[in-house]
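As structure tokens, the structure follows; a few thoughts come after it.
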Amino acid sequence: MSNLEQLKQLILDTFLLDPSEFRLDLRREEVETWDSLGVVSLAVGVHETFGYHFTPEEATGLESVQDVVRILESKGIPFHE
Amino acid sequence: MRILRERAVEESLLALDRAWSEEATFAFLSQKSTVDEGWVERALAALPEALRRGHFALSTSGSTGHPKLVLGARSRAEHLADVLHEIQEGEPVQETILALPLSYCYAFVNQWLWARRRARRLVATEGFGRPDRLLRALVDSERAMICLVAAQLPLFARHFAQEAFPGVLRVHFAGGPFPQRELEAVRRRFPHATIFNNYGCAEAMPRLALRRGEEGESPSDVGRPIPGVELATGPGGELLFRSPFGALACFEGGPSWRFFCGEEWIPTGDLGRLAPSGRFELQGRANQVFKRYGEKIALAQVLETVGGCFGGQAQAYRERDRMAEEGYVLVLSPEPRAEELRAILSAFRALYPRAQWPLRIESSATLPCLPNGKLDVAALAQLPGKTIHWRNRI
């Protein structure tokens, strides 16, 4: 499974989204389950899946799925192969 | 005083008839009960002189998994069987088909004792231990009554396909939430039957409340107290009862029995409330309501939600998360279809805050049952071969 596919599954599982709702530009304010506990859950999931620990500032500053991709790519985890 | 261990059903019937006719108090233990007979002997030996005659004790693990003996007076149980005959309109019923263990207080009073009191025929079967025998009894039945637990309904579907049993006039459910969602299917299978939901607990020996199937819309609606029984809710929402039919004492490991004086309110083990309809509604087992990150979780409510999205059985067991906060795991049987899993997750998203979501959603081909037919919640956590479909990361 590609990194993008893994991230998609993580986002779906974390916020209980339907697959049709997933977009890279999906924003936090569009997802009612992207609350403070959702942020913690996403951070734990990113660590389990990609081995990277978000800093508290990174985790609370996430505004979209694209932000997750951008941070992980900056740590050498490719999403556009 | 004697200890009777449930054996082949005909053998047990003979032994029970004899024991009921004799004066000495006796204990009747389930065939599959792991209760040590030495433990029961010590309990009987600890009874005061006045209770060594005219009484009987049944073993139960109920839904808690902890063994317990409850002591009843034969006169009270006979009175209850008579009351049930009246309010369950038993007069036209000529026979009762035994499909549950005889040592289960529900079958013991509603069927064995009722048949004895009313001189009706008791048709012995081994339930789904011998589906062929049960099927023959149901097909041959005429003006019959049967007592079931909801967990047996999938077995009807598996073994008897679309077979209908018009000879059954009364179908009783007890021992867990009433199968409200399956009511139409039960009606098709028993087209001439009046269907009742029976509510009670071991200490009530066993009956407290009753309603007809069609009277309520929710599995948690247990109806009204039967004549002579009082139900009330305590300050924490716990459902309490006083009953002229209830147990006189209870033994949970000793060294002595816990006696009931008859005036005190006894916990049923459930939470409940009196609805505006005048009927009581359950709000979960007292030990199945808890807080997680400040959010109150009632597992019965969660399971009712899941039941609306999933055609199989759902159960939950409690587990702590990595922060040692109390949570629960949802177990489905059989494995959910992809669209069912999506519907369950969507329901959680729509109806519950994240703290009330399960720690995991697992599935198993079958769910473990206690000898009395109830789901064995204590065994769920250790059930081998489960599949994990979804997990919460907090």
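Side chains are part of it too, since the values below use all heavy atoms of this structure and drop only hydrogens, waters and symmetry mates. Since the model is a prediction, treat every value here as computed from it, not as a measurement. Letters A, B, ... are given to chains in the order of the sequence lines, protein chains preceding strands, and every chain is numbered from 1.
- Using the six-membered ring where Trp is involved, A/Y52 and A/F54 have ring planes that are perpendicular, over 60° apart on the 30 and 60° scheme.
- Only the side chain of A/E21 comes within contact range of chain B, judged by heavy atoms closer than 4.5 Å.
- Interface remark: B/R349 contributes backbone and side-chain atoms alike to the contact with chain A (heavy atom separation under 4.5 Å).
- Side-chain contact check for B/Y199 and B/D221: no donor-acceptor pair (N or O, by modelled atom type) lies under 3.5 Å.
- For chain B, no part of A/L12 is nearby; none of its heavy atoms comes within less than 4.5 Å.
- Proximity of the aromatic rings of A/F22 and A/F15 is defined here by a centroid distance below 6.0 angstrom, and this criterion is not met.
- The number of heavy-atom neighbours closer than 6.0 Å to CD of A/E29, taken from other residues, nucleotides and ligands shown, is above 12.
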